[in-house]
Each structure stands twice: as C-alpha cells, then as structure tokens.
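Structure, as structure tokens:
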Amino acid sequence: MVTLELRADCGRCAGLCCVAPAFAKSADFAVDKPAGRPCPNLAEDFRCGIHERLPEKGFRGCVVFDCFGAGQQVTQVTFGGRDWRGAPGAAGQMFAVLPVMRQIHELAWYVSQALELPAARGLRPRLQAALEETTALAGGTPEELLALDLSAYRSRVNPLLLKASELARAGSRRADHRGANLIGRRMRGTDLRGASLRGAVLIGADLRGADLRTADLTGADLRGADLRGADLSGALFLTESQVKAAVTDETTRR
C-alpha cells in the first residue's frame with residue numbers, strides 16, 4: 001500500500017506555501033502578498049531566506065503553518081517533479097491544487113493519529129480503510145483533485161474521528177467546549193482532562209498549569225494561549241503548529 005508523507009519536507013517542495021496563498025500585513029505577516037506572487041523572502045533555490053529569523057522579521061504566520069507534507073506531494077507526485085518556475089504554464093494549477101492536497105494530508109494525519117489510540121482499537125478496520133481511501137485521493141491527477149468535494153468527504157470521515165475521540169476520553173471529566181469562544185479566558189490550573197476543545201478559539205487564553213491530558217484539541221486555535229506549566233501529555237490530535245502558536249516553556253509537559 002502507498003503511504004503518504006505527513007511531515008513537511010521543504011527540501012522536496014518548490015516553495016509552494018510561499019507563493020500560492022495570499023496574506024495581508026498584520027501581526028502574523030510583515031507585508032501584503034497577493035496569491036500566486038512569491039514572498040520577497042523566497043530564494044532562487046525555493047528556500048526561505050529568513051527561515052531562522054521569521055518571528056523577529058514579522059512572519060510568525062509562517063512559523064505556525066504546516067502543510068502536513070502536501071507541498072512535496074504536489075511537487076514530486078502530482079506534478080512529477082516539475083516546479084512553477086520551470087513550468088510556468090502549470091503554475092496556476094499547482095497553486096490551486098496545494099490547498100486541496102493540504103486538506104487531504106491533514107485528514108490523513110488525523111486518521112493516522114486515531115489509529116494509534118489503544119481505546120479505538122475496535123475502529124481500526126474502518127480507520128484503516130479511511131486512511132487507504134484518503135491516500136488514494138492524494139494520488140489523483142490535478143483535475144481529479146480540483147473536482148473533489150472535500151466537504152462531503154470530510155463529513156464521511158469526521159464521525160469516525162469523533163467516535164475514536166469519545167472512546168479515548170471515556171472515563172474522564174469530558175467537559176464540552178466544542179467550538180467555544182474562549183478568547184482570553186482565564187483558565188489557569190483548570191482540570192480539562194478529556195474535555196472536547198474541538199474548534200475552540202483559545203487565542204490568548206491563560207491555560208498555565210491546566211491539565212489537558214486526553215483533551216481533544218482538533219482544530220483548536222491556540223495562538224498566544226499560555227500553556228506554561230500545562231500538561232498536554234496524551235492530548236488528542238494536537239499538531240506541532242498548534243504548539244508553535246502557543247506560549248510554552250520547559251515546564252509545558254507533552
């Protein structure tokens with residue numbers, strides 16, 4: 001079975017995330033950039049010229065972005081190693097395919113995480129089938145990828161991920177904060193074991209010393225959330241980009 005690389009490998013990409021999306025001058029980006037125009041920091045070798053200094057240069061949005069390996073999949077597989085500079089006629093299609101592929105890879109990452117949950121072992125045949133189907137979608141042609149109804153596909157897979165989450169959180173407190181607006185909320189030391197924080201907006205929340213063991217953090221917005229001293233060990237579906245977006249230190253447990 002073909003497997004997807006679900007970790008970004010910028011050396012095998014063509015700087016697609018530095019060209020395809022638009023971004024506006026803000027706290028996350030130091031400049032305005034329209035879609036399809038290379039970031040001024042992108043070098044000729046498709047590397048970022050300020051990669052080690054992104055936060056200081058005002059590009060924190062780049063630090064917390066994760067393509068889940070979609071960039072190299074589009075470059076090396078979908079377009080057979082071509083890049084937008086060498087094949088300018090295909091550039092528009094490459095840029096359009098990237099966000100589709102990213103969603104596919106993100107979904108594959110979540111399914112892969114669910115497969116590792118001991119409590120969800122009864123779901124493994126269905127999860128494995130979902131992973132195989134998602135992997136097959138990622139291997140499609142540009143035309144097939146752009147024709148995908150991703151919303152419909154997600155609606156088929158998400159209930160399986162929800163069930164895996166429920167099984168993993170069984171027996172915990174399981175507070176329900178799904179989709180909640182918790183911007184700036186003072187939650188220092190709160191017991192959030194097994195809580196559902198799926199899609200919750202926790203921008204700038206004070207979660208110092210909070211217990212987030214087995215909490216479901218799918219899609220939670222943790223930008224600026226203070227997680228110093230918090231216990232994230234065993235947190236469900238927590239991505240590296242979420243951690244990078246938060247405030248952490250050596251006392252943050254994972």
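When a residue number appears, it is its place in the shown sequence, counting from 1. The figures here come from the full heavy-atom set of this structure, side chains too, leaving out hydrogens, waters and symmetry mates.
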How many angstroms lie between CZ in Arg102 and SG in Cys17, if you round to the nearest 0.5 Å? 10.0 Å
I'd like to know if the side chain of Arg37 reaches the main chain of Ala22, judged simply by a donor and an acceptor atom lying under 3.5 Å from each other, with no hydrogens or angles considered. no
same_hphob_cluster(Val157, Met101) at 4.5 Å side-chain heavy-atom cutoff: yes
Side-chain heavy atoms nearer than 4.5 Å, only ILVMFWY residues, links allowed to pass through others: does that put Leu182 and Val201 together? no
If you draw a 6.0 Å radius around CZ in Arg85, do more than 12 non-hydrogen atoms from other residues or ligands fall strictly inside? yes
Does a side-chain heavy-atom distance below 4.5 Å link Val19 with Phe95? yes
Give a yes or no on whether the backbone of Pro21 and the side-chain of Lys33 come within a donor-acceptor separation of less than 3.5 Å. yes
According to the interplanar angle, ranging from 0 to 90°, do the rings of Tyr110 and Phe68 count as parallel (below 30°), tilted (30 to 60°) or perpendicular (above 60°)? tilted
For residues Cys62 and Phe65, determine if any side-chain heavy atom of one lies less than 4.5 Å from a side-chain heavy atom of the other. no
Is it the case that atom NZ in Lys57 sees more than 12 heavy atoms from other parts of the structure closer than 6.0 Å? no
Looking only at non-hydrogen atoms, find the nearest pair between Leu238 and Leu222 and report the distance. CD1-CD1, 4.0 Å
Using only heavy-atom distances, determine whether the side chains of Asp216 and Thr218 contain a donor-acceptor pair under 3.5 Å. yes
Would you say CZ of Arg124 has more than 12 non-hydrogen atoms from neighbouring residues, nucleotides or ligands within 6.0 angstrom? yes
Which atom pair, heavy atoms only, marks the closest approach of Ala91 to Trp84? CB-CB, 3.8 Å
Could you check whether any side-chain N or O of Arg154 sits under 3.5 Å from a backbone N or O of Ser151, counting only pairs where one atom can act as donor and the other as acceptor? no
Are side-chain heavy atoms of Leu232 and Thr248 found at a separation under 4.5 Å? no
For Gln72, run the side chain to side chain donor-acceptor pair (under 3.5 Å) check against Glu5, Arg12, Arg7 and tell me which one passes. Glu5
For a quick test of reading the model, state the closest non-hydrogen atom pair linking Cys48 to Leu54 and the distance between them. SG-CD2, 4.0 Å
Report yes or no: does Arg253 contribute a side-chain atom to a donor-acceptor pair with the main-chain N or O of Gly229 at less than 3.5 Å? yes
Any side-chain heavy atom of Lys244 within less than 4.5 Å of one from Arg60? no
If two hydrophobic side chains count as joined below 4.5 Å and joins carry through other members, does Leu131 share a cluster with Val77? no
Report the C-alpha distance between Arg198 and Leu162 in whole Å, list the side-chain angles of each, state the deciding distance to 0.1 Å, and finish with yes or no for side-chain contact (heavy atoms from CB on, under 4.5 Å). CA-CA 10 Å; Arg198 294 173 66 92; Leu162 279 168; 3.3 Å; yes
Trace of the side-chain contact (heavy atoms from CB on, under 4.5 Å) decision for Lys163 with Arg126: CA-CA 11 Å; Lys163 182 62 177 176; Arg126 294 168 62 192; 5.9 Å; no
Going through the checks in order, is the side-chain contact (heavy atoms from CB on, under 4.5 Å) test met by Gln73 and Gln76? CA-CA 5 Å; Gln73 177 76 9; Gln76 301 299 332; over 6 Å; no
Any side-chain heavy atom of His177 within less than 4.5 Å of one from Leu192? yes
Exercise: identify the closest heavy-atom pair between Val111 and Ala130: CG1-CB, 4.4 Å
I'd like to know if Leu148 and Met94 are part of one continuous hydrophobic network [Ile/Leu/Val/Met/Phe/Trp/Tyr, side-chain heavy atoms within less than 4.5 Å]. yes
Backbone N or O of Pro142 within a donor-acceptor pair of the Gln93 side chain at under 3.5 Å? no
Would a distance-only check, ignoring hydrogens and angles, find a side-chain to backbone donor-acceptor pair under 3.5 Å from Ser26 to Ala24? yes
Nearest-0.5 Å distance that lies between atom CG in Leu16 and atom CG in Leu98: 5.5 Å
His105 side chain near Cys67 side chain, heavy-atom distance below 4.5 Å: no
Rounded at 0.5 Å granularity, tell me how far NZ in Lys25 sits from CG in Asp32. 7.5 Å
Let me confirm one number: the SG-CG distance from Cys10 to Asp45, rounded to the nearest 0.5 Å. 11.5 Å
Verify the cluster assignment for Leu6 and Leu115: are they in a single hydrophobic cluster under the rule of side-chain heavy atoms below 4.5 Å apart? yes
Taking all atoms of both residues into account, what is the closest heavy-atom pair of Ala14 and Phe46, and its distance? O-CD2, 3.2 Å
Ignoring hydrogens, what is the shortest heavy-atom contact between Ala108 and Leu4? Give both atom names and the distance. CB-CD1, 4.1 Å
Is Asp211 salt-bridged to Arg213, cutoff N-O under 4.0 Å? yes
Could you walk me through whether Asp226 and Arg228 pass the salt bridge (charged side-chain N to carboxylate O under 4.0 Å, His left out) check? CA-CA 6 Å; Asp226 195 338; Arg228 289 174 295 177; 2.5 Å; yes
Without swapping roles, check the side chain of Gln242 against the backbone of Ala220 for a donor-acceptor pair under 3.5 Å. yes
Are Leu123 and Leu117 close enough that some pair of their side-chain heavy atoms sits under 4.5 Å apart? no
Please lay out, stage by stage, how Ile104 and Leu145 fare under the test side-chain contact (heavy atoms from CB on, under 4.5 Å). CA-CA 10 Å; Ile104 293 172; Leu145 288 161; 3.6 Å; yes
